[in-house]
Amino acid sequence: MNIEENLQQVVIKAVSELYGKAAVDSMVQVQKTKKEFEGDLTIVVFPLLKLSAKKPEDTASEIGEYIIKNWEHAKKFNVVKGFLNITLKSSVITELLLKINSQENFGITPITEKSKKILLEFSSPNTNKPLHLGHLRNNFLGDSISRILKAGGNNVIKVNLVNDRGIHICKSMLAWQKWGNGETPETSGLKGDHLIGKYYVLFDQHYKEEIKNLIAQGLTEEQAKQQAPSIIEAHQMLQKWESGDKETVALWKKMNNWVYDGFDVTYKLMGISFDKIYHESETYLEGKSYVLDALNKGICKKAEDGSVFVDLTEDGLDQKILLRSDGTTVYMTQDLGTAAMRYREFGFDQHIYVVGNEQDYHFKALKLVLKKMGFSWSDAIKHFSYGMVELPNGKMKSREGTVVDADDLIAEMTETARKTSEELGKLNEMSKEQQDVTVSTIAMAALKYFILKVDPRKTILFNPAESIDFNGNTGPFVLYTYARIRSIFRKLEEKQIRRVTLSPDYEQFSTSEAELVKRINDFPGIIAEACNLCSPAQIANYVYDLCKLYNQFYHDCQIVGEENDQAREFRIILSDNTSKVIAKCLNMLGINVLEKM
């Protein structure tokens with residue numbers, strides 16, 4: 001039980017003894033005292049007035065008097081209208097620090113047999129293009145959320161669904177077949193995913209030209225889009241693939257394998273892994289069987305053109321197509337099959353899809369369709385919707401080739417990190433291998449932190465130069481603070497400074513030391529909040545605040561050079577636990593630490 005929860009129980013007891021009535025936990029709000037007021041913790045009295053039947057000031061004063069007499073941690077109190085501010089005894093700070101120091105996994109909740117089982121899907125790339133900047137936000141969010149939920153005591157299973165079939169895949173295949181001249185990753189010198197992405201763009205260029213010509217011949221734009229030779233051929237190829245045509249399937253396998261090899265390289269650079277990878281090609285038939293079964297039961301209907309749909313108009317949506325008129329499937333079809341497969345395999349308590357807000361409608365529909373089909377676990381489906389990543393010149397479009405490839409961005413960030421580190425002298429006296437590891441770690445810290453520190457619901461305008469700064473709210477700044485702390489322990493070892501036992505009654509600490517202890521003590525609550533919101537931004541902004549407080553303390557206080565044994569020991573323990581919490585926060589953001597910078 002932390003200090004706030006302890007005080008909450010004291011207030012509940014006070015209400016019972018003072019007014020003869022029972023207060024429940026939700027009625028007793030304990031907050032940190034605002035900076036403009038005296039005190040450490042504040043109790044909001046207003047919800048208790050119906051139990052005391054007295055004025056706010058009188059109720060606060062009576063409860064305050066009770067706390068001073070009956071709670072050993074309280075030093076004094078003051079009342080501001082309906083707010084009771086409690087000032088803690090100085091010894092509480094040392095007690096808190098020693099308690100934190102005694103817990104090896106401070107803040108982390110262990111996973112048990114009773115832990116909630118959460119299936120988390122993220123990444124979900126298409127095999128017609130390389131991963132780009134938008135995918136980076138998805139992967140970083142998914143990986144970080146999985147780490148945060150795990151730190152909160154949940155059993156998390158990370159899954160990826162590769163969209164390896166469909167009309168978009170056939171577009172790349174058709175373009176390569178027509179204009180590729182047998183080009184391979186080996187002959188082109190391109191990663192497989194980049195090579196296939198090149199043909200996806202090429203298809204779109206030819207398709208647009210055909211549309212333009214058909215419009216000139218008198219067709220409407222919609223007619224031209226449907227009657228363009230390229231799109232007709234792509235649909236024919238999709239039908240061949242779904243019917244198992246050997247030549248089409250062989251081409252599909254060959255090109256997809258090129259892409260998978262490329263994806264593996266990028267995932268390794270990002271430090272991303274999965275517990276299981278699903279492929280749409282393995283799940284869509286099961287989804288199709290559910291749709292046909294629902295059609296027989298009257299849950300789905302067949303349109304005049306032969307397509308199959310489910311009517312969601314009574315639920316505030318529209319008629320959702322589940323099978324096209326030619327019998328081929330859509331995204332929704334495979335999502336139905338995949339969700340059912342996963343429930344059979346894992347029996348999840350919750351299934352979270354980390355997907356951008358452009359798919360809000362899709363997941364509302366998915367949940368409704370699963371419910372209409374009779375799946376009892378449909379309420380476990382949750383869409384974690386997040387904002388897009390934009391560049392200064394607007395949105396990215398893969399088919400038009402206006403994307404920032406993940407590989408290119410990581411390479412650019414790594415080069416920028418190297419240049420900046422060299423200019424600041426941070427690579428001096430390092431071997432080539434150490435330099436490479438340091439530069440790579442700094443680059444990924446800059447990239448991940450910049451993306452994760454923003455509220456996931458907001459759109460990001462990405463600025464590479466800003467993210468690499470060693471000052472301000474950045475990954476490199478947090479990394480540097482951690483490395484600075486660890487350097488203290490090397491100095492202690494070099495000088496063979498003797499460690500002592502810190503007295504629990506020690507009270508000779510400064511304001512900056514006390515504030516740092518209290519902020520470290522917030523860590524478990526921050527994890528709980530981040531779990532509740534599925535928000536890495538809570539962790540990123542907490543660790544930045546912690547680093548700022550530490551740097552203020554470092555400026556104010558001697559550590560290695562402190563002559564008073566107790567003062568030095570307090571600061572050593574404080575520094576050690578700050579570094580541990582920073583490392584845990586960075587781990588939850590998917591960022592490795594550096595012992596030296």
Enquirer: Does a donor on one side chain sit under 3.5 Å from an acceptor on the other, for Thr220 and Gln223?
Expert: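 Yes.
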
Enquirer: Before giving the answer on side chain to side chain contact (heavy atoms under 4.5 Å, CB included), spell out for Tyr449 and Leu589 the whole-Å C-alpha distance, their side-chain angles and the decisive distance to 0.1 Å.
Expert: CA-CA 7 Å; Tyr449 190 90; Leu589 299 175; 4.0 Å; yes

Enquirer: Show the nearest heavy-atom pair for residues Ala228 and Tyr207, with the distance to one decimal.
Expert: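 Looks like CB-CE1, 3.5 Å.
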
Enquirer: Return the orientation label for the Tyr353 and His351 ring planes: parallel under 30°, perpendicular over 60°, tilted otherwise.
Expert: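 Parallel.
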
Enquirer: List the steps and the verdict of salt bridge (charged side-chain N to carboxylate O under 4.0 Å, His left out) for Lys225 and Glu210.
Expert: CA-CA 9 Å; Lys225 285 180 178 179; Glu210 290 172 354; over 6 Å; no

Enquirer: Can you run down the salt bridge (charged side-chain N to carboxylate O under 4.0 Å, His left out) pairs that involve residues 536-545, sequence neighbours left out, and say none if there aren't any?
Expert: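 Sorted pair list: Arg519-Asp545.
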
Enquirer: So does Glu415 pair up with Lys419, basic N to acidic O under 4.0 Å?
Expert: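 No, this pair does not count.
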
Enquirer: State plainly whether the residues Asp261 and Lys191 are in salt-bridge range, i.e. N to O under 4.0 Å.
Expert: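 No salt bridge links Asp261 with Lys191.
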
Enquirer: For residues Met588 and Ala151, report the shortest heavy-atom separation together with the two atoms involved.
Expert: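 Heavy atoms only, the tightest pair is SD-CB, 3.8 Å.
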
Enquirer: Hey, are Asn592 and Thr441 close enough side-chain-wise for a donor-acceptor pair under 3.5 Å?
Expert: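 Their side chains do not contain a donor-acceptor pair, so the 3.5 Å distance test is not met.
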
Enquirer: Answer with yes or no whether the side chains of Asp164 and Thr127 bring together a donor and an acceptor at under 3.5 Å.
Expert: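 Short answer, no.
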
Enquirer: Between Phe450 and Ile460, does a side chain to side chain contact (heavy atoms under 4.5 Å, CB included) hold up when you go through it step by step?
Expert: CA-CA 9 Å; Phe450 188 92; Ile460 292 178; 4.1 Å; yes

Enquirer: Which word best sums up how the rings of Phe274 and Phe122 line up, parallel for under 30°, tilted for 30 to 60°, or perpendicular for over 60°?
Expert: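 Geometry flag for Phe122 against Phe274: tilted rings.
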
Enquirer: Regarding Asn163 and Tyr331, do their side chains bring together a donor and an acceptor under 3.5 Å, going by distance alone?
Expert: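 Distance-only check fails for Asn163 and Tyr331.
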
Enquirer: Got Leu312 and Asp318 here, is their nearest side-chain heavy-atom distance under 4.5 Å?
Expert: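 Of all side-chain heavy-atom pairs linking Asp318 with Leu312, none is under 4.5 Å.
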
Enquirer: Determine, step by step, whether Met255 and Leu195 satisfy the side chain to side chain contact (heavy atoms under 4.5 Å, CB included) criterion, reporting the C-alpha distance in whole Å, the side-chain angles of both residues, the deciding distance to 0.1 Å, and the verdict.
Expert: CA-CA 9 Å; Met255 294 179 70; Leu195 178 66; over 6 Å; no

Enquirer: Identify the two heavy atoms, one from Pro125 and one from His135, that lie closest to each other, and give their separation to 0.1 Å.
Expert: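 Looking at all heavy atoms of both residues, the closest pair is CA-NE2, 4.4 Å.
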
Enquirer: Between Val355 and His362, does the side chain to side chain contact (heavy atoms under 4.5 Å, CB included) criterion hold? Intermediate values first, please.
Expert: CA-CA 10 Å; Val355 183; His362 175 87; over 6 Å; no

Enquirer: Give the minimum heavy-atom separation between Leu322 and Val330, together with the two atoms involved.
Expert: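 Closest heavy-atom pair between Leu322 and Val330: O-CG2, 3.6 Å.
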
Enquirer: Over all heavy atoms of both residues, which pair between Tyr199 and Ser172 is shortest? Give the atoms and the distance, please.
Expert: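 Looks like CB-O, 3.8 Å.
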
Enquirer: Do the side chains of Arg137 and Met388 get nearer than 4.5 Å, heavy atoms only?
Expert: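 The answer is no; the side chains never approach within 4.5 Å.
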
Enquirer: Over all heavy atoms of both residues, which pair between Ser124 and Asn160 is shortest? Give the atoms and the distance, please.
Expert: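 Taking Ser124 first and Asn160 second, the nearest heavy atoms are N-OD1, 2.9 Å.
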
Enquirer: Flag the pair Val249 / Lys253 as yes when at least one side-chain heavy-atom distance between them is below 4.5 Å, and no otherwise.
Expert: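 A side-chain contact exists here, since the closest heavy-atom pair is under 4.5 Å.
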
Enquirer: Side-chain contact, heavy-atom cut-off 4.5 Å: Cys547 with Ile582?
Expert: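 With C-beta onward as the side chain, the pair touches.
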
Enquirer: Do you see a donor-acceptor pair shorter than 3.5 Å between the side chains of Tyr386 and Asp455?
Expert: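 There is no such pair between these side chains.
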
Enquirer: Do Lys276 and Glu121 sit within salt-bridge range, that is, some charged N less than 4.0 Å from a carboxylate O?
Expert: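 Answer for the salt bridge query: no.
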
Enquirer: How about NZ on Lys150, more than 12 heavy atoms from neighbouring residues, nucleotides or ligands closer than 6.0 Å, or not?
Expert: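 Atom NZ in Lys150 is not packed in, count stays at 12 or less.
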
Enquirer: Does a donor on one side chain and an acceptor on the other come within less than 3.5 Å for Glu529 and Tyr542?
Expert: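 Note: Glu529 and Tyr542 side chains miss the donor-acceptor criterion.
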
Enquirer: Holding to ring-ring contact (aromatic ring centres under 6.0 Å, His included), I want the full list of residues that pass it with Phe375, two or more places apart in sequence or in another chain.
Expert: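 Phe375 satisfies ring-ring contact (aromatic ring centres under 6.0 Å, His included) with Tyr290, Trp377 only.
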
Enquirer: Under 3.5 Å, is there a donor-acceptor pair between the Ser307 and Asp305 side chains?
Expert: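 Distance-only check passes for Ser307 and Asp305.
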
Enquirer: Looking only at side-chain N and O atoms, does Gln334 offer a donor or acceptor that is under 3.5 Å from a partner on Tyr278?
Expert: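 Looking only at side-chain atoms, Gln334 and Tyr278 do not form any donor-acceptor pair under 3.5 Å.
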
Enquirer: Any side-chain donor paired with an acceptor under 3.5 Å for Thr329 and Arg165?
Expert: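 Yes.
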
Enquirer: Check Lys372 with Asp315, please: is the shortest side-chain N to carboxylate O separation under 4.0 Å?
Expert: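 Judged by the 4.0 Å cut-off on N to carboxylate O distance, Asp315 and Lys372 do form a salt bridge.
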
Enquirer: Do Asp193 and Tyr260 get their side chains close enough for a donor-acceptor pair, meaning under 3.5 Å?
Expert: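 Asp193 vs Tyr260: no donor-acceptor pair found between side chains.
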
Enquirer: Taking the basic N atoms (NZ, or NE/NH1/NH2) and the acidic carboxylate oxygens, is any pair closer than 4.0 Å for Arg147 and Asp143?
Expert: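 Between Asp143 and Arg147 there is a salt bridge, with a charged N closer than 4.0 Å to a carboxylate O.
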
Enquirer: So which of Phe203, Trp258, Tyr200 actually passes ring-ring contact (aromatic ring centres under 6.0 Å, His included) with Trp176?
Expert: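 Exactly one option meets the ring-ring contact (aromatic ring centres under 6.0 Å, His included) with Trp176, and it is Trp258.
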
Enquirer: Got His279 and Leu161 here, is their nearest side-chain heavy-atom distance under 4.5 Å?
Expert: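 A side-chain contact under 4.5 Å is absent here.
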
Enquirer: Is the closest basic N to carboxylate O distance between Lys432 and Asp436 below 4.0 Å?
Expert: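 Yes.
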
Enquirer: Would you please say whether a donor-acceptor pair under 3.5 Å links the side chains of Ser115 and Asn154?
Expert: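 Result is no, nothing qualifies.
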
